[in-house]
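Here's the structure, in structure tokens; my notes come after.
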Amino acid sequence: GANIAEDKCVEYLNKNNIVHTRYGFDCINEISGKDFMKIPKKLRATPDYMVFGNSAYFLEAKGCYDFLRLKLEDIKAYNFWETLASLYVFLYSTKVDNHKIVPLRRLVDVSSKCSIDYYEDNGKAYYKIPWEAI
């Protein structure tokens, strides 16, 4: 699929017999980007999966090459979701063909020590997090 990180995440969950369900919007081929932007920001940043262990928790899948680009506005939304259930992030690097699963808190702590850059197309700020720092 278009999102390698999500594919790798589901592969990992299935391989490890972890009960999960799709949670966030999966409408990339169903609605336009223009319509998607009409959804309130916090809802647009709904975590990708709900995973079940001793409790239910959110899992967001994010891919990168050598740097993870984590938007500041996404962190705000994830902080909101974490008030409802613990949120973990499944990270996948195509450079090293490997994944890491980290609690949101840890990712936020790491990001606070990283530089901020801006997307050229929309000017949105993101933390530029080196894979090795995660």
Side-chain angles (χ1 to χ4, degrees):
N3 193 331
I4 294 171
E6 288 185 20
D7 294 345
K8 293 288 183 181
C9 183
V10 169
E11 188 182 299
Y12 170 83
L13 294 169
N14 288 337
K15 192 172 74 184
N16 291 283
N17 297 313
I18 298 169
V19 178
H20 63 280
T21 185
R22 179 86 203 174
Y23 188 77
F25 292 103
D26 190 16
C27 54
I28 194 108
N29 301 314
E30 296 167 29
I31 64 167
S32 70
K34 198 175 105 190
D35 279 337
F36 186 74
M37 295 312 282
K38 294 173 185 171
I39 299 169
K41 201 176 287 182
K42 277 182 184 165
L43 292 179
R44 285 200 308 263
T46 302
D48 299 312
Y49 304 97
M50 180 65 76
V51 177
F52 303 88
N54 293 333
S55 62
Y57 56 92
F58 293 120
L59 186 62
E60 172 69 10
K62 290 216 167 284
C64 65
Y65 181 68
D66 51 355
F67 285 95
L68 175 69
R69 288 163 178 79
L70 186 61
K71 288 193 285 253
L72 278 66
E73 69 178 33
D74 284 354
I75 290 176
K76 280 187 187 151
Y78 298 150
N79 285 336
F80 161 76
W81 287 102
E82 188 156 73
T83 66
L84 306 175
S86 295
L87 194 154
Y88 290 81
V89 187
F90 177 97
L91 303 163
Y92 180 77
S93 163
T94 52
K95 182 180 180 184
V96 296
D97 184 26
N98 206 352
H99 74 270
K100 297 177 183 184
I101 299 173
V102 297
L104 175 65
R105 288 291 114 235
R106 181 171 143 75
L107 202 53
V108 169
D109 289 347
V110 170
S111 69
S112 67
K113 300 172 186 77
C114 296
S115 63
I116 292 177
D117 208 339
Y118 300 87
Y119 284 106
E120 283 182 19
D121 60 348
N122 58 22
K124 290 189 175 168
Y126 64 86
Y127 288 107
K128 190 174 176 183
I129 309 169
W131 181 254
E132 303 75 40
I134 301 167

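Residue numbers run from 1 in the order of the sequence given.
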Exceeds 12 heavy-atom contacts within 6.0 angstrom, atom [atom1] of [X]:
{"X": "K34", "atom1": "NZ", "result": "no"}
{"X": "K124", "atom1": "NZ", "result": "yes"}
{"X": "N54", "atom1": "CG", "result": "no"}
{"X": "F58", "atom1": "CZ", "result": "yes"}

Close side-chain approach of [X] and [Y], heavy atoms under 4.5 Å:
{"X": "L91", "Y": "H99", "value": "no"}
{"X": "K95", "Y": "W131", "value": "no"}
{"X": "D74", "Y": "K62", "value": "yes"}
{"X": "Y127", "Y": "I75", "value": "yes"}

Q: Just say parallel, tilted or perpendicular for the rings of Y49 and H20, cut-offs at 30° and 60°.
A: perpendicular

(Q) Can you classify the ring geometry of F90 versus Y12 as parallel (below 30°), tilted (30 to 60°) or perpendicular (above 60°)? (A) tilted

Looking at [atom1] of [X] and [atom2] of [Y], how far apart are the two atoms once the value is rounded to the nearest 0.5 Å?
{"X": "D66", "Y": "I129", "atom1": "CG", "atom2": "CD1", "value": "12.5 Å"}
{"X": "M50", "Y": "L87", "atom1": "CE", "atom2": "CG", "value": "9.5 Å"}
{"X": "K42", "Y": "Y78", "atom1": "NZ", "atom2": "OH", "value": "14.5 Å"}

Hydrophobic cluster identity match, [X] and [Y], side-chain contacts under 4.5 Å:
{"X": "Y126", "Y": "M37", "answer": "no"}
{"X": "Y118", "Y": "F67", "answer": "no"}
{"X": "V89", "Y": "L70", "answer": "yes"}
{"X": "V110", "Y": "Y65", "answer": "no"}
{"X": "F80", "Y": "V108", "answer": "yes"}

(Q) side chain to side chain contact (heavy atoms under 4.5 Å, CB included) for Y92 and D97? Distances and angles first, verdict last. (A) CA-CA 7 Å; Y92 180 77; D97 184 26; 2.2 Å; yes

Q.
Quick test of your reading of the model: are K38 and D35 salt-bridged, counting only N-O distances below 4.0 Å?
A. yes

Which atoms form the tightest heavy-atom contact between [X] and [Y], and what is the distance?
{"X": "G63", "Y": "L68", "answer": "O-CD1, 4.1 Å"}
{"X": "K100", "Y": "I134", "answer": "NZ-O, 3.0 Å"}
{"X": "Y88", "Y": "S86", "answer": "CE1-CB, 4.0 Å"}
{"X": "R106", "Y": "A133", "answer": "NH2-O, 4.3 Å"}

Q. Does the side chain to side chain contact (heavy atoms under 4.5 Å, CB included) test come out yes or no for W81 and L43, once each step is laid out?
A. CA-CA 9 Å; W81 287 102; L43 292 179; 4.0 Å; yes

Q: Decide side chain to side chain contact (heavy atoms under 4.5 Å, CB included) for C9 and L59; before the verdict, give the C-alpha distance in whole Å, the side-chain angles of both, and the deciding distance to 0.1 Å.
A: CA-CA 9 Å; C9 183; L59 186 62; 3.5 Å; yes

(Q) Given 3.5 Å as the limit, does a donor-acceptor pair link the side chain of E6 with the main chain of A61, or not? (A) no

(Q) Donor-acceptor check, side chain of R69 to backbone of C64, threshold 3.5 angstrom: yes or no? (A) no

Q.
For R105 and N79: C-alpha separation, side-chain torsions, deciding distance, then whether side chain to side chain contact (heavy atoms under 4.5 Å, CB included) applies.
A. CA-CA 9 Å; R105 288 291 114 235; N79 285 336; 2.6 Å; yes

Q) Looking at residues at least two apart in the chain, or sitting in another chain, which of them share a side-chain hydrogen bond (donor to acceptor under 3.5 Å, both in side chains) with R44? A) none

